[in-house]
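Written out below as structure tokens is the structure these notes cover.
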Amino acid sequence: MPGTVIRKTVAIGILFIALAILPHFLKYHHQDFLIFLVINVLVVVSYRLVTLTGEWSLIHAVMMGVGAYGSALLSKQAGLSFWISFPLAGGIAAIVAALLCFPLFRMTQFYFLIGSFAAGEAIRLSWIHFIKPFGGTSGISAIPSPELLDIDFLEPIPYFYLVLIIVTICLFLLFRIEKSRIGLTLHAVHWKASLAESIGVNTWNYRSLAFITGSFFVGLAGALKVHYIGTVTPKQFDIGFMVFILIWVIVGGYRTFYGAILGAVVLSVLDEMFREFNELRPAIYGAILIFSILYLPAGLESLPQRLKRVFGRKDRQMERT
Amino acid sequence: MATHTQHPARRKFLKKAAAGTVAATTASVFPNIVLSANKTLTVGMNIPMTGDYAPWGLPGLYGCEIIANNINKEGGVTIGGETYDIKVASYDHGYDTEKALQGFKKLVLEDDASMIMMLGGSTVAAVLPWATRKKVLTTTLLPSDITPDSNYLVATCESHPLYNVTGVEWLARNFPDVKSAAIVTNNDAEYGLQSAATYQAAFEVAGIDVIDTHLHGFDVTDFAPIVSSVLAKNPDVFCMATSFYVTPIMEQLYHQGYKGKIISCTLDYYDEIIAKTSKEFVNGTIFQFPDFDDPKLQEAGVNFPDPAGFDAAFRKDHPNDWSAVAWEYPAILLNWLDAAKAAGSADSESVAATLKANKQEFVFGGGDWWGSQLWGLDNALVGRWPIVVIEDGKARIQEYGDVAGWLSNNKDVLVKHMKDLGLRTV
Amino acid sequence: MAILEVQNLTKKFGGLTALNDVSFKVGEGQIHGLIGPNGAGKSTMFKNIAGFYTPTRGDILFEGKSITGQTPSRISMSGIVRTFQETTLFQEMTVFENVLVGTHNRSRTNIFSAIIGLDRLIQQQARTSAMQALEFMGLEDRKHQLASELPLGSQRALAIAIALVSKPKLMLMDEPFAGMNPEETRGMMQLTRKVRESGVTIVLVEHDMKAVMGLCDQLTVLNFGTLLAGGSPEQVRNNPDVINAYLGGSHQV
Amino acid sequence: MKLSVQDLDVNYNNVAALKRISLEVSDGAFVTLIGSNGAGKSTTLRTISGLVKPSRGSIYLDDQRIDMLSADKILRLGIAHVPEGRRIFKDLSVAENLYLGAYIHQDKTQINSDLHKVYSRFPRLEERKDQHARTLSGGEQQMLSIGRSLMSRPRILLLDEPSLGLAPIIVQEIGHILREINQQGVTVILVEQNADLALQLADYGYVLETGRIAMQDKAELLANNEHVKKAYLGI
Amino acid sequence: MKSLTIIRNEHRSLGAVLFCLKHLVSEIDQGKHPDFRVFHGLLMYIDRFLDRYHHPKESDYLFPAILESNPELAPVIEELGRQHREGEQLFIRVLKALSAFEYCGPSQFSEFQQAVIDYTAFEYEHAHKEETEVLPIAEKFLSTESWKRIDAAFLDHQDPLFGDQPSGEFNKLYKEIVSIVPAPLGLGDAWKS
Amino acid sequence: MELFLQSIVNGTIQSGFFALAAVGLVLIFGVMGVVNFAHGELVMVGAYTVWFLHAQHNTPFLITIVIAISLVTVIGMLMEKFLFRPMRDDPLGGLICSIGVLFILQVAATLVGGDGPSKQVPPPFEGTMVLFDFLRIPYQRLFSIAVSIAALGLLWHFLTHTKLGWALRAVSQDREAASLQGINSNRISMIAIAVGAAMAGLAGALMAPLTNINPHMGHNVIITAFIVTIVGGVGSLSGAVIASVLYALYHTFVTTYFNGTVATISGLLIMVLVLIIRPTGIMGHRVSE
């Protein structure tokens, strides 16, 4: 037992160090790409927390925007420093999510999917409609970057380290939540809501908890993103981006923590690789989606096991018989 | 119709696919570059080439390639004693802020672009802090992007939407009976609202009552209700402030029997509109964007080399893609080259200084640096602007209006209307 | 003394009356059987008691207090836990995790302590009581197996362990012997008695007459949504109304 | 039309639902499967009608092996299944439900004469033929479910708990109807928890316990069997 | 032995009708508006079924055969025969109470209800006694010969009493009852409350 | 008053398109349990076909409509055969597949028509009918609404008066029970998607001369179709049609008298409200326990 723990810790350590030195070997614009990728990892992992209870929402991208707008307004209008507006961004997203729980969690399944989409679209259209204070379609620009000592967070590498540290902490927290009994209960609500209820689990509470917590973290992700770009617009959080989140999680595999990460990383990197195909790019992406769903229904995370099976590890079968 | 059928879409598709690959590999490899011993001067285009906004990016790339090709064919451009071939490097950001930032850095740091042309809006806002820090000269088609924080963002060509005032002024002068106007536009802050505010100001100055300003979203599939609602107020002038939905709105005006004057910011693809309505209906429509085979562009004072030749070359290669941006990006490129020649260097700082120091020649002639009253910095080049009217199914320049003059007289009215619509002013 | 009292319970679905004015009492510490043919309303009765349905009329008292119309989780917190007709488990979790979820009521935690680890003590207690419940049901050897991999008898035992670990006062068991062979049934009966001996009152719905007659202290017979009879197994067996239901071509009771 | 089920095994997610089930049903017979909840009665019917695929064993109709065929093909061979819980199409009218029962047939006149027969057997359905099926009472829905299956002109009729949740006189009436149907030459295989009713009606019975056939005999003998009496008849 | 099944079947049919009767009375008690045609139908069925069809089978064929083989059962058989007659008396009380209820109004309901409860309880008791005390013995002790005789009589298609005609007639009668008894007990229109 | 009547006319014309698009979505969801995210793109393909064949190559309009319907139907059937059928038990997988198709169809449209501006189709029927001097209905729109109503009527007839129609409704209510009536549910799924796609193709073809045609036009279509489907009650065709009419009129009136964005935002909020108050929509039935 301790052996595997040590092995895991070492593996994660190596991964972390590799990530930390990675940007130094990248082209400039790929450094930016890496920053957004790491932020998107937080987006998908927080989304997975929401989906743990079995409800697929279409509002996650908008909740990210709620955090982003929140932090942008706090730092621009109220003049708060990034270090204050950033955590508050998560809080604002969580509060909005908490308010939305009342209507949204009256629904489940398909209805929840569509209901959450409608609620999100209504919020997003409000950003467009209410120019004060949201700035309409052009949103809010000149959002200040973080200030700390003399570090220049406009440069990709320092910001990357900031993002890496924050996202790592967030992932650790999300991991703790999932591995705690709360996470266990969230799973339980998904697999058999009626059984969970019969032993005293208030499923509404837990669905809400997952939604609010997930929104908190994605709110943070939103703030991280816009304090780097310096601009927040409604278009950044439209259904198109939401669809990408959904795709990353499902193609990566939503059953495990790392499946979602794998999905976001692999698909984003593939997408970037296909850049030269220009307008054909979405079609290639679409084809990959279809292919992976048809042939890897459990997601990319199941690929290693599949390979193992292909290479004939028969011990599992022997166990069975 | 005839023009459509001559160019089957299949051919276009093959060509487009090829063009895409060329653009993507960033080197527009023309044969003469291979032969030439010249150094290369790279300009960057960080524009949408796919998605909804592609029509405001791609034609510009095609136009710049034609211009670059022409210059290179003639032996390149000499700046500070050194002769260069022009290379246009492009990056498709799909009007996405993240990608815009990445593309900007790629063009500057990896492709060594000396200047970056962009469409404007949130994508410009996203790159601006970095561009300012790195002192990269950046151009936009939207002067409203200008902020006092950045000396390196200039709008040297399209002064959207300031030129709209000239059309209104011309209308009021030629049709004194016109008393009331209604404005329809989409509700985005970059294009629609700016333009609506400008039209409101222009109508006010011209003594025409704006009885309705109808803002709509990008989700409209049918303009019948909007047009019905506006026409119910019986305006003498129907004004379209942005280009996105001109065709369906014109169609509705036609079907709902509208008989009054029509003024529009643009009338791109007006032959299609004529096909959907009638020549008689479209005749007399006032707008701001000429065809480049217009004889009036041959006159002195216009700073665009061989507009008719450019027009022909463009329409030959890209028959269905002509739009305002097709000549605007090239005009910016040409303007920048002039400044670089004058500065004797392509270095951003020197070009920017030269641009601002000299009284620049605007593409349609004239030219003043303006903007501080509205956006805090005089980084928009404002000059003469054509007033275009459809005559017998063809766009023809009536005259050139004086944007700068109007602004100097009426800037307060403009600022007031901008403020009323919640737009950023100093 | 009655731990559970159902008073004049009526439940209608649209025009259909699934339960009509049913009353009965369950004595503390007893095994109480709820019997009747399929469609007689037993499951509806169960769901009303456990809070999955809200009664149309009538009252349900638990330890003298009304629990009518409360949510399932609320009712469960006051000490009533149900097991399900078909084997209902968190199939994708291990046996131990299944029981650990069951500790929810007794050792609650919040998200902040879960993150920081302040709830270590509570967690430890939860694990201990989960382990105890597994040992009680004889499942300790299987704790790392997935629930779906267990044989039927052990799955039922696990279902009871999940219910048991929340330390209920009253356990509602829905057809615990369904699909079991005689040997499994005997084992299950043993377990049920053991649960009762640990101080839990049990109400069960069952078709297996041998098991019901052998196990239950008291019976309530429902037929066609109405209360038909109540009493000891012996009394019920000789009740003319029950015989009528049987003679009436309705199902065996 | 002899139906023979040989050595059938069925698994539901790793749990064996049926173990080595073998049945022989000759033409015109009235056979019942009784047993408690979860004993595998429904699964047996569902396997015969093609809704569930066995993991081993075979099913023959006369000499044709049918266990690999889909449900719609099996119906075309003359085996109709009245599923548990009636499963009528609630948003369709009564008449539409009945017409769907004859989905596999094309001959309009024959279908109409079948419809006429069903209506004369269940006059209540004719009175309500244009109503949505969801407006029917439980008993009427069961009648509709049986009527619908008769529209396919089955040679073998599988019935899964037709008495479920119905009042005594309707249950008796369904018993009468099943007997009539059988007397008209249709083989009937009846799954019932109401063993009493089932053994009254059937000629031959199988007792299922935990997925296995525990006993099989003539129905009258089973009805008088001590074990069956204790376990299933409540005596 | 077929006869035994037939007797049991008839008990169940009768039991179903009695259950129905009792249940409908309790529905009136809970405020439903009765449709008297239903009660007339039910009672007519019971009357004809018991009198002309069921009891003769027992009294004329089964009981004599049992007495023949098990003379010690005479008291029981006698008692059952007496119960057949007592049942008729109770049934007449039900009929009278129904008329009173129908024509004199709700004030007479409680008498009707009581009459029904008494009658149904009595008939259950009676059937139970037959099934537990007489039929098992018949099953055990009657000779094959006796069974053949009884079966032949029960199944004789020419027999004016039990043959095809009457059973068809009773089936028809039963169907009619089922169609008028209100849902969910039967297929008729549910009574309004 | 004139504006009021004109708005009713405008709303009615809109409702035809909404209904055609939504009906297909409902059919596909009802029978196959898949939320077809690419449904808007099927409409888009219909419109592109008209643009390509009629506007670019002078094929007669009516023939183009037939071709558009056939093409979209074939695309739908291919989706069912190769994507939705293997994904039968995995609605989430079906949804992802349909998103994949969405991307591919958008790119296909871009390849055919280029990235340029929105495409326009000159209306094949010219002129405007004028009633009472103020009500103006262009003949093109009159044609569209007539064809929409005819198509919906035909669909209604198909669903309520033909054996296949009954079978289709039966499968959408209870797949298993339907298979017990000898209904091959794969075949019915194929018919459902064929009919649904044909309706979408027809909607696209009819819209083509009236709207901006571009690869992304499906986005607005699917949002509207979702709203209409939810408000009408998932799985209820009559609900979808009624909701289409109501929503189109609502949207038209709010747009006319207030503002289009307000109309959309409030439309979305109404949808959420309907979901909360009556999760099964105005015509839906709660699935019984």
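Labels below follow one simple rule: chain letters A, B, ... track the order of the sequence lines, proteins then strands, and each chain is numbered from 1.
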Would you find more than 12 non-hydrogen atoms of other residues, nucleotides or ligands less than 6.0 Å from B/Lys135 atom NZ?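 No - once you tally the heavy atoms of other residues, nucleotides and ligands closer than 6.0 Å, there are 12 at most.
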Side chain to side chain donor-acceptor pair (under 3.5 Å) involving B/Glu349 - partner list, sequence neighbours excluded: none
Less than 4.5 Å apart, any side-chain heavy atom of B/Cys64 and any of B/Val43? no
Under a 4.5 Å heavy-atom cutoff, which of A/Ser138, A/Ser145, A/Gly135 has the most pairs with chain B?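 Greatest number of close heavy-atom pairs with chain B: A/Ser138.
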Which region of [X], side chain (C-beta onward) or backbone (N, CA, C, O), has a non-hydrogen atom less than 4.5 Å from a non-hydrogen atom of chain A, or is it both or neither?
| X | answer |
| --- | --- |
| B/Tyr95 | both |
| B/Leu421 | backbone |
| B/Leu128 | neither |

Would you check if the distance from the ring center of A/Phe86 to the ring center of A/Phe82 is below 6.0 Å?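 Yes: the rings meet the under 6.0 Å criterion.
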Does A/Tyr228 have its ring centroid less than 6.0 Å away from the ring centroid of B/Trp130? no
What option among B/Lys99, B/Lys134, B/Glu98, B/Arg133 has the most heavy-atom pairs under 4.5 Å with chain A?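 Most heavy-atom pairs within the cutoff with chain A belong to B/Glu98.
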